[in-house]
Each structure stands twice: as C-alpha cells, then as structure tokens.
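Count residues from 1 along the sequence.
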Amino acid sequence: MATEVTQVLLNAQAVDGAVRKHAEESLKQFQEQNLPNFLLSLAGELANNEKPVDSRKLAGLILKNALDAKEQHRKFELVQRWLSLDVAVKNQIKTCLLQTLSSPVPDARSTASQVIAKVAGIELPQRQWPELIGSLLSSIHQLPGHVKQATLETLGYLCEEVSPDVVDQDHVNKILTAVVQGMNATEGNNDVRLAATRALYNALGFAQANFSNDMERDYIMRVVCEATLSPEVKIRQAAFECLVSISSSYYEKLSPYIQDIFTITAKAVREDEEPVALQAIEFWSSICDEEIDILEEYGGDFTGDSEIPCFYFIKQALPALVPMLLETLLKQEEDQDQDDGAWNLAMAGGTCLGLVARTVGDDVVPLIMPFIEENITKPDWRQREGATYAFGSILEGPSPDKLTPIVNVALNFMLTALTQDPNSHVKDTTAWTLGRIFEFLHGSTIETPIITQSNCQQIITVLLQSMKDAPNVAEKACGALYFLAQGFEDVGPSSPLTPYFQEIVHSLLTVTHREDAGESRLRTAAYETLNEVVRCSTDETAPIVVQLVPVIMTELLHTLEAQKLSSEEREKQNELQGLLCGCLQVIIQKLGSSEPNKHAFMQYVDGIMNLFLRVFACRSATVHEEAMLAIGALAYATGPDFAKYMPEFYKYLEMGLQNFEEYQVCAVTVGVVGDICRALEDKILPYCDGIMTQLLKDLSSNQLHRSVKPPIFSCFGDIALAIGENFEKYLIYAMPMLQGAAELSAHTSGADDEMTEYTNLLRNGILEAYSGIFQGFKNSPKTQSLIPYAPHILQFLDTIYMEKDMDDLVMKTAIGVLGDLADTLGSNAGSLIQQSLSSKEFLNECLSSDDHLIKESAEWAKLAISRAISV
C-alpha cells in the first residue's frame with residue numbers, strides 16, 4: 001500500500017463517486033492495520049517534490065486530522081495515539097515535515113507548517129521535541145525568501161497551538177525578534193512580510209514580558225504601525241488585526257501610542273479598502289469593550305477616579321472619533337441585505353458607535369444630534385438611513401433622562417417613515433430603531449413613559465401594517481412589537497395592549513403563513529413575537545390565549561401529515577415543528593400557572609401530549625429539543641396527572657438522555673426529568689432505575705459534553721426529593737460520582753473567566769444534588785445511611801469557601817446545604833460542623849450578606865445548626 005499511496009490519494013479526490021469511495025476505504029483500512037506506516041507514507045508523500053500537488057495536499061490534511069479533532073474526547077484519543085508511537089517513527093515523520101518547509105510548492109509548505117504546529121502542540125507540553133524552535137530559528141536570516149516565509153508561518157501556527165507557559169522566555173524573545181525583523185524586511189518580499197505579520201498576531205499572547213519593557217514595546221509598536229502603511233492590502237489588514245489584538249491584551253500599555261493610532265485608523269477608515277477599514281474600526285470597538293468592562297467591574301462613573309485603571313481613550317477621542325464613524329454610516333451598499341451575514345463598513349461603524357455610546361453615555365448625544373437633524377429628511381436614501389441608524393445605535397448607554405425628550409419628538413416622525421418612506425433600507429432601519437427605543441426606553445423602570453394611551457394605538461397600527469411589508473422590514477417590525485410587549489410585562493391586571501390583543505395575535509399568525517415567510521427569518525420572528533405577546537399578557541386576555549391552543553395544535557398536526565419530503569423540506573418541517581412546540585410551551589406555561597385559566601386549558605392536554613409524542617416518533621433516532629421543553633411545561637401544569645403519559649413517553653425520555661451528539665437535547669431532557677419529578681413526586685419511582693442508570697452512564701462517558709454534567713447532578717437532587725428514602729439504593733453509585741466531581745471542581749482558582757463560570761455551575765449542580773438528597777431523607781429511618789458522606793461534604797464546603805471564587809448562587813446553595821446537613825442528620829452532624837475549618841466563618845459571612853436570599857438561607861441554616869449542636 002505504501003508504494004501506491006500516491007494513486008490512492010488522487011483517487012480519493014476523483015469526480016467518480018465509486019472510485020472516490022473505494023480509495024477512502026483503502027486509506028481507512030491502511031490506517032487501521034498499520035498506523036505507523038500509514039503516517040510515514042503520508043509524511044513521505046508530503047515531503048516528496050516529485051509527487052503531484054493534489055496528493056501532497058491531501059496527505060498533509062489527513063496527517064493533520066490524525067493529530068487533532070474538534071471534539072475533546074476524540075482529540076484526547078489522537079494525542080495519546082501519537083505519544084504512544086515509536087520514537088524512531090515520530091522522528092522520521094518530523095524530519096519529513098521540516099524538509100517540506102523548503103519545498104518550492106507553496107501548498108506543500110503551508111500544509112507542513114500546520115502539521116508541524118499540531119505535533120508541537122502535542123509534544124512541547126510533554127517536554128518533547130525541545131530542539132524544534134531552535135532549529136526553526138537557527139538560520140532564518142540566511143534562508144531563501146520562500147523558506148523564510150514558510151518558517152515564519154510555522155512559528156505563527158505554533159504560537160496558536162501551544163500555551164505561552166510551554167515556551168521559555170529566551171525562545172519567546174527569539175521568536176518575536178525573528179517575526180518583527182520579518183515584518184521589517186528590507187528585501188521587499190511581501191510573502192515574508194505577510195507571514196511575519198500574521199505570525200506576530202499569534203505570538204502576541206507570548207509577549208507579556210516584552211510589552212512590559214518600554215524599548216521592546218516601542219519597537220514592536222513602531223513596526224506594527226509601519227506595516228499598516230504597507231503597499232500590500234493583505235499586510236495592512238494583518239497589521240490592523242495585530243493592533244486589535246494589542247488593544248485587548250495590552251490596553252494599559254497604549255497611552256503613548258493612542259494619538260498615532262487614531263491618525264492611522266482614521267486614514268484607513270476614510271481612504272483604504274474595506275477589509276483594512278473594517279479592522280481599523282474594530283480597533284476602536286475593542287477599546288470600547290475594554291473600557292466598558294473596566295467601568296462595569298469597578299462600578300466607576302465618568303468622574304475619573306484615580307483608582308480605576310481606565311484611561312478614557314474613547315472619551316478623549318470622542319470629538320474626532322464620532323464624526324469619523326458617522327461618515328461610515330453613509331457608505332451603505334445599494335444591494336446590501338442586513339440578514340445575509342455580510343459585514344460592511346456602515347454596519348461596523350454603527351456597531352462601534354453603539355459601543356461608544358455604552359462607553360461614554362450622555363456625552364455622545366450632542367455629537368450625534370446635528371448629524372441626525374441634517375440628514376433625516378434628505379432626498380438621498382443613504383442620508384436618511386444613516387441618520388436613523390445613528391439614532392438607533394446610541395439608544396443603549398445614555399440615560400433615559402437625556403434620551404426621552406429626543407425620542408418623544410422623533411417617535412411620530414419615525415412611525416410615519418416606517419409606512420411612507422419609499423426606500424426599503426430606510427424602513428428596515430427605522431423598524432429596528434423603534435425596536436431599540438422599546439427595548440431600552442420603555443418599561444416599568446422608566447420614569448417618563450414613551451408609550452402613552454394616546455400614541456399606543458398609532459404605534460400598534462403602524463407595526464401591524466409594516467408586518468405586511470417586505471420580509472426584512474416585516475421581521476424588524478415583529479422585533480419592535482416583541483419589545484413593546486415586553487415593556488408591559490409587569491403593568492398589573494390590565495395592559496395597554498389588551499384592547500389590541502386579538503388583532504395582534506391574528507396579524508402575527510397571518511405573517512407565519514406568508515409565502516415569503518422563510519426569508520429574513522420572518523416566520524421565526526413572528527412566532528418569537530407571538531410567544532412574547534402571550535407571555536407578557538394579563539388574565540384579561542386569557543380566553544383569547546385558550547382559543548389559540550387549537551389553532552397551534554392544528555398547525556402542528558399539518559407538519560406531521562406531510563408525506564415524502566425531500567431533505568430540504570424535512571429540515572424546514574423540523575424547524576416549523578420546533579417553532580410550534582415552542583409556542584405551545586409558552587401557552588402551557590401561561591395558562592397552567594393560574595387555576596381559572598388552567599381549567600379551560602385542560603380539555604386540550606391529551607391532544608397536545610399526543611401531538612408531542614408524534615413529533616418524537618417522526619424523528620426516529622433523535623428527540624426534538626423544543627417538544628421536550630414543552631413537555632416539561634406540561635408536566636408542571638398537569639402535576640400528578642402526568643403519570644398517565646409516562647408509559648408512552650418514557651422511551652423518548654430515555655432517547656433524549658442517550659443523545660450525546662446533540663448535547664443540548666441531552667441537557668434539556670435532564671431538566672425535564674427534574675420537571676417530571678416535581679410533578680409526579682413518588683409516582684416517578686417505577687422509572688427511576690432506568691433514569692438513574694442512564695444518568696450514571698452519561699457521567700461515566702468521556703463523550704459527554706461538560707455542560708451536561710451540572711444539570712445531571714442537580715437532577716439527582718430532584719429524584720431524591722421526589723422518592724425520598726427510596727433513593728438509598730442509588731447512594732453507592734451517585735455519591736462517589738458527586739465526590740469525584742467535587743474534588744475536580746476544587747482548586748481551580750486562577751482559572752480564566754470561562755472556567756470559573758463553569759466551575760460555579762458544576763459546584764451548584766453538586767450542591768443541589770446534596771440538598772435534594774438530604775431533604776428527601778429527612779425524618780426517614782434510613783437517614784443513617786447518609787452519615788458516612790457528611791465529612792466529605794463538609795470538606796467540600798470548606799474548600800469552596802477558602803477559594804473565595806464562588807458566585808452568589810453557589811454561596812446561597814452552599815449555605816443551604818450546610819443547613820440541610822444539620823437539619824437531616826441532627827446531632828450526628830452537630831459535632832462534625834463544630835470541627836469544620838470554616839463553617840462558622842462561612843455562616844457569619846452569609847448572615848451579613850447584602851443579598852437577602854443568601855441572608856435568608858443563612859438564618860435558616862443557623863437555626864438548624866444550633867438545633868443539631870444542642871441535641
């Protein structure tokens with residue numbers, strides 16, 4: 001096989017499906033039967049300049065895919081597989097890869113660069129291949145241009161693959177020197193400069209020490225700024241990408257350069273090609289993000305408190321920055337479609353303007369208003385649309401007091417423009433801006449209402465009329481109505497929308513039946529808005545919501561009766577089923593939460609459940625996430641009566657719990673198990689063996705997505721709470737799982753924000769499990785079976801208290817568990833709690849918390865502990 005690998009690789013790219021399939025199977029067989037030779041053959045193919053480019057490229061791609069995968073469990077397997085290969089084999093492969101960097105074929109060099117980085121990503125953290133970086137850098141200055149370019153590209157990919165703590169500072173310095181000199185190349189080789197600039201982008205994360213040194217930082221910044229002026233557009237774009245990365249990684253080091261950067265970015269935005277101009281705007285968006293985060297974290301207002309490490313770059317640049325961004329709003333494209341995902345200069349400018357408004361608040365308003373007033377009535381649609389977009393962009397950030405008077409003047413004008421402006425782009429942006437007005441300046445927290453009895457009817461009339469407009473305009477009108485309804489959520493027994501409720505519902509349903517409802521997300525927007533209108537409605541309109549039930553049921557039935565669908569039609573059918581199940585979920589939650597409405601709704605429950613079961617049945621191997629969520633709502637609404645559906649529903653519940661691939665479905669199903677436990681209580685018992693077996697199997701699998709673990713642990717608590725002492729037989733399986741996860745979640749201090757957030761979710765799930773188990777066993781003669789686990793639980797509470805990184809939710813649940821422990825185990829817990837390292841400190845901290853829920857839990861825990869100690 002090794003000798004004929006070239007032909008097999010070429011056949012694997014053949015147009016003929018049969019030839020291609022046979023070649024793919026041959027490659028798979030070779031890989032399974034003799035992995036070392038398979039990888040050597042691929043590396044040899046890639047390195048051989050006599051071979052065809054296509055076979056070399058595919059060889060490199062397969063080699064890369066043999067080293068890395070997106071799924072964590074698969075990636076782990078591939079890493080272990082590589083590490084277990086014979087050292088001589090690995091060395092041969094690595095020699096081939098390094099040889100390929102000097103190939104005259106650009107595709108071969110580029111592929112080799114990526115594969116070398118993948119190998120480095122595996123080996124460098126294991127302290128293997130220590131000579132790699134040195135060998136890449138050893139004679140980089142003497143190399144021919146094409147080899148230098150490939151070497152710099154390899155260094156860039158390497159920096160992307162490995163963590164900064166794996167590379168020593170001496171190597172970091174040499175990498176940065178090589179990269180910066182490559183950017184500064186005098187021989188004028190643009191390929192080298194581009195590779196170097198892109199490599200710097202990836203290497204910036206390694207440059208902490210270098211950015212702390214004034215001279216080194218100055219040199220790097222000078223070279224980057226010079227590269228933004230390169231004659232080559234790709235180099236300019238890559239240089240601005242470096243500046244964007246520097247703005248977020250080294251914000252606090254930017255002061256000496258900010259004036260020059262403004263000059264460079266302003267020139268690029270006004271004069272350069274779009275890919276470059278977009279990155280120049282992105283620099284200022286990134287600065288906004290940094291300053292918003294700093295000001296939120298430190299609770300600072302704009303008084304320039306010296307304690308706040310904020311340099312107020314945006315505030316200082318405001319007089320020049322805002323006009324520059326406003327100019328971009330007039331550069332719309334005639335055929336732009338805001339829903340096709342294409343990002344253009346006007347969109348980037350508007351987005352940045354929105355971030356500026358969030359950063360500086362009221363200060364942005366006087367700089368924007370002259371532009372709006374000047375352009376809002378101009379004959380050129382670009383000027384009217386730009387003015388509207390500017391207004392919509394700044395509605396989040398400035399205070400309602402500053403904006404309300406302006407909005408009150410503008411509202412009538414905008415309602416007229418939405419129905420009468422001749423240009424679809426202007427209408428689209430106007431509807432979007434109205435949505436932003438309703439989102440940020442309407443609701444119970446706003447002192448001066450924008451929407452009054454006198455203008456409410458006009459607003460609704462205009463929005464409903466606009467739902468008949470082009471799909472993009474109708475979709476934004478739905479969005480505006482969504483926020484309008486949301487603002488009236490807590491207005492009491494009667495809502496200003498009540499007189500128009502039936503008309504609104506009818507109009508939204510009409511939109512879902514439009515022939516063009518598949519365009520611009522229109523059908524989805526109409527259902528989402530219908531859901532929000534129902535969710536925020538009052539009891540006055542409940543009879544109309546009840547009438548909506550059979551209408552949505554009929555729609556769902558139609559999707560089930562469709563015959564012989566193509567794959568594209570089936571995809572659309574699945575999407576529509578999801579929307580209809582989501583709509584029924586909201587209706588069930590609305591009607592099921594109050595007794596009078598619930599009574600009128602109950603006549604439909606059997607029919608709804610039957611429809612959901614049919615939705616599951618037509619998907620064979622998978623479960624519909626939205627239908628599962630709706631069943632959770634139905635279980636809550638029907639309570640113990642849900643038991644009659646369990647024999648038929650259970651197989652789909654099990655199917656959802658087994659669905660590793662669609663982990664969101666698995667997580668939702670776990671949540672629904674909790675809903676059913678609360679509804680059925682001990683009537684869930686006949687199904688618990690199957691459910692617990694599947695949950696434990698999930699936790700034991702390395703294929704399980706980590707986000708599913710916290711809800712599974714929480715679900716243990718729901719089951720224990722429902723079946724009480726009957727949970728005893730599961731303790732020997734569940735408790736070691738909880739203990740293992742608890743140990744894993746400890747000692748994560750210093751982790752990044754994402755890991756800290758996940759750790760808090762995991763801890764909360766574990767604590768909810770403990771809480772449910774203790775409460776379930778309370779007053780049971782089998783309470784004794786929990787005593788052996790108490791020391792470990794207290795140790796877990798001690799650990800998370802000592803680490804000082806728990807969020808408020810974990811704090812509340814943790815102090816609750818301490819109380820549950822004392823309450824359920826009584827005197828058996830009293831002495832253990834007294835011996836605990838931090839229980840007393842933790843309790844006192846919670847008792848003095850500003851959060852009333854934490855305080856409430858702590859007061860209850862204090863009572864339970866004092867009872868346990870005094871027994």
Side-chain angles (χ1 to χ4, degrees), residues 1-126 128-129 132 150 153-154 157-158 161 660-661 701-703:
M1 174 71 186
T3 54
E4 58 193 68
V5 76
T6 304
Q7 193 54 52
V8 178
L9 287 165
L10 292 172
N11 288 351
Q13 301 168 74
V15 178
D16 186 323
V19 173
R20 195 168 64 246
K21 191 174 181 215
H22 181 260
E24 286 167 355
E25 284 169 359
S26 299
L27 287 168
K28 190 178 175 188
Q29 200 176 8
F30 185 14
Q31 183 172 4
E32 286 167 357
Q33 288 174 355
N34 192 340
L35 181 68
N37 268 355
F38 175 70
L39 298 177
L40 273 171
S41 299
L42 294 174
E45 186 78 14
L46 179 61
N48 190 337
N49 288 325
E50 304 298 312
K51 298 291 184 178
V53 174
D54 286 348
S55 68
R56 295 176 74 182
K57 271 172 69 177
L58 184 58
L61 183 64
I62 296 170
L63 196 52
K64 189 173 83 165
N65 291 341
L67 298 166
D68 195 15
K70 283 181 182 169
E71 300 82 14
Q72 281 303 113
H73 64 94
R74 178 74 183 137
K75 185 182 176 110
F76 179 76
E77 284 171 19
L78 295 176
V79 166
Q80 295 311 308
R81 196 173 72 174
W82 173 264
L83 290 171
S84 63
L85 283 175
D86 182 73
V87 174
V89 171
K90 287 191 285 191
N91 286 342
Q92 261 183 282
I93 293 169
K94 290 188 284 195
T95 302
C96 287
L97 292 171
L98 289 169
Q99 274 175 12
T100 314
L101 293 182
S102 55
S103 168
V105 179
D107 282 336
R109 296 198 303 271
S110 185
T111 307
S113 292
Q114 293 172 56
V115 181
I116 290 167
K118 292 293 179 192
V119 175
I122 296 172
E123 295 205 348
L124 293 184
Q126 306 290 328
Q128 296 177 17
W129 211 2
L132 169 64
E153 196 173 331
T154 307
Y157 286 131
L158 187 147
E161 287 295 327
F660 287 134
E661 288 74 25
S701 168
N702 63 2
Q703 293 180 9

Chemist: Report the residues that fulfil side-chain hydrogen bond (donor to acceptor under 3.5 Å, both in side chains) with Ser113, sequence neighbours left out, ordered by chain and then residue number.
Modeler: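 Here the qualifying residues are Thr154.
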Chemist: Which residues pass the salt bridge (Lys or Arg N to Asp or Glu O under 4.0 Å) test with Glu77, sequence neighbours left out?
Modeler: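 Once residues adjacent in sequence are excluded, the partners of Glu77 under the salt bridge (Lys or Arg N to Asp or Glu O under 4.0 Å) criterion are Arg74.
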Chemist: Measure the SG-CG distance between Cys96 and Leu40 for me, rounded to the nearest 0.5 Å.
Modeler: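 If I round to the nearest 0.5 Å, the distance is 7.0 Å.
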Chemist: Can you list everything that forms a side chain to side chain contact (heavy atoms under 4.5 Å, CB included) with Thr95? Sequence neighbours excluded, please.
Modeler: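 By the side chain to side chain contact (heavy atoms under 4.5 Å, CB included) rule, Thr95 matches Gln99.
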Chemist: Could you give all pairs that pass the salt bridge (Lys or Arg N to Asp or Glu O under 4.0 Å) test and reach residues 80-103, with sequence neighbours left out?
Modeler: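 Listed once each, the pairs are Lys94-Glu123.
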Chemist: Are side-chain heavy atoms of Leu39 and Ser41 found at a separation under 4.5 Å?
Modeler: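 With C-beta onward as the side chain, the pair stays apart.
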Chemist: For the side chain of Ser84 and the backbone of Gln80, is there at least one donor-acceptor N/O pair under 3.5 Å apart?
Modeler: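 It does hold such a pair.
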Chemist: Among all residues two or more places apart in sequence or in another chain, which pass the side chain to side chain contact (heavy atoms under 4.5 Å, CB included) test with Glu25?
Modeler: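 Glu25 satisfies side chain to side chain contact (heavy atoms under 4.5 Å, CB included) with Lys21 once adjacent residues are dropped.
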Chemist: Can you see which heavy atom on Ala112 is nearest to which on Leu101, and at what distance?
Modeler: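 Heavy atoms only, the tightest pair is CB-CD2, 4.2 Å.
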Chemist: Side chains of Gln114 and Lys118: closer than 4.5 Å at any heavy-atom pair?
Modeler: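 No, side chains not in contact.
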Chemist: What residues form a side-chain hydrogen bond (donor to acceptor under 3.5 Å, both in side chains) with Trp129, not counting sequence neighbours?
Modeler: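 For Trp129, no residue satisfies side-chain hydrogen bond (donor to acceptor under 3.5 Å, both in side chains) once neighbours in sequence are set aside.
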Chemist: Could you give me the CA-CA distance, side-chain angles and deciding distance for Thr6 and Asn48, then say whether side chain to side chain contact (heavy atoms under 4.5 Å, CB included) is met?
Modeler: CA-CA 11 Å; Thr6 304; Asn48 190 337; over 6 Å; no
Chemist: If you measure from CG on Asn65 to CG on Leu78, what distance do you get to the nearest 0.5 Å?
Modeler: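 That separation rounds to 9.0 Å.
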Chemist: Rounded to the nearest 0.5 Å, what separates atom CG in Asn49 from atom NZ in Lys51?
Modeler: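 Here the interatomic distance stands at 11.5 Å.
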Chemist: Of all residues at least two apart in sequence or in a different chain, which pass the side chain to side chain contact (heavy atoms under 4.5 Å, CB included) check with Asp54?
Modeler: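 For Asp54 the side chain to side chain contact (heavy atoms under 4.5 Å, CB included) partners, ignoring immediate neighbours, are Leu10, Gln13.
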Chemist: Quick one: list whatever passes side-chain hydrogen bond (donor to acceptor under 3.5 Å, both in side chains) with Asn11, sequence neighbours left out.
Modeler: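 For Asn11, the residues satisfying side-chain hydrogen bond (donor to acceptor under 3.5 Å, both in side chains) (neighbours in sequence not counted) are Gln7.
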Chemist: State, to 0.1 Å, how close Ala120 and Leu132 come at their nearest heavy-atom pair, and which atoms those are.
Modeler: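 Here Ala120 and Leu132 meet closest at CB-CD2, 3.7 Å.
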Chemist: Lys75: which residues meet the side-chain hydrogen bond (donor to acceptor under 3.5 Å, both in side chains) condition with it, sequence neighbours left out?
Modeler: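 So Lys75 forms a side-chain hydrogen bond (donor to acceptor under 3.5 Å, both in side chains) with Asp68.
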Chemist: Using the side chain to side chain contact (heavy atoms under 4.5 Å, CB included) criterion, which residues pair with Val53? Sequence neighbours excluded.
Modeler: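 Counting only residues at least two positions away or on another chain, Val53 forms a side chain to side chain contact (heavy atoms under 4.5 Å, CB included) with Lys57, Val105, Asp107.
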Chemist: Which residues pass the ring-ring contact (aromatic ring centres under 6.0 Å, His included) test with Phe38, sequence neighbours left out?
Modeler: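 ring-ring contact (aromatic ring centres under 6.0 Å, His included) check on Phe38 returns Phe30.
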Chemist: Say you draw a straight line from CG of Leu46 to OG1 of Thr111; how long is it, rounded to the nearest 0.5 Å?
Modeler: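 One gets 6.0 Å once the value is rounded to the nearest 0.5 Å.
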Chemist: Hey, which of Leu42, Ile116, Val115, Val119 is the one that makes side-chain contact (heavy atoms from CB on, under 4.5 Å) with Lys64?
Modeler: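 Among Leu42, Ile116, Val115, Val119, the one that satisfies the side-chain contact (heavy atoms from CB on, under 4.5 Å) with Lys64 is Val115.
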Chemist: Measure the CZ-OG distance between Arg56 and Ser103 for me, rounded to the nearest 0.5 Å.
Modeler: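 The CZ atom of Arg56 sits 4.0 Å away from the OG atom of Ser103.
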Chemist: If you take all heavy atoms of Val8 and Ser26, which pair is closest and at what distance?
Modeler: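 In this case the closest contact between Val8 and Ser26 is CG1-CB, 4.1 Å.
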Chemist: Return each pair, listed once, that meets ring pair (Phe, Tyr, Trp, His ring centres under 6.0 Å) where at least one residue sits in residues 92-116; pairs must be two or more places apart or across chains.
Modeler: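 Pairs touching residues 92-116 that pass the test: none.
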Chemist: So, for Gly121 and Glu161, which heavy atoms are closest and what is the spacing to 0.1 Å?
Modeler: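 Shortest heavy-atom contact: CA-CB, 4.3 Å.
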Chemist: Measure the shortest side-chain to side-chain distance between Ile122 and Leu83 over non-hydrogen atoms and say whether it is less than 4.5 angstrom.
Modeler: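 A side-chain contact exists here, since the closest heavy-atom pair is under 4.5 Å.
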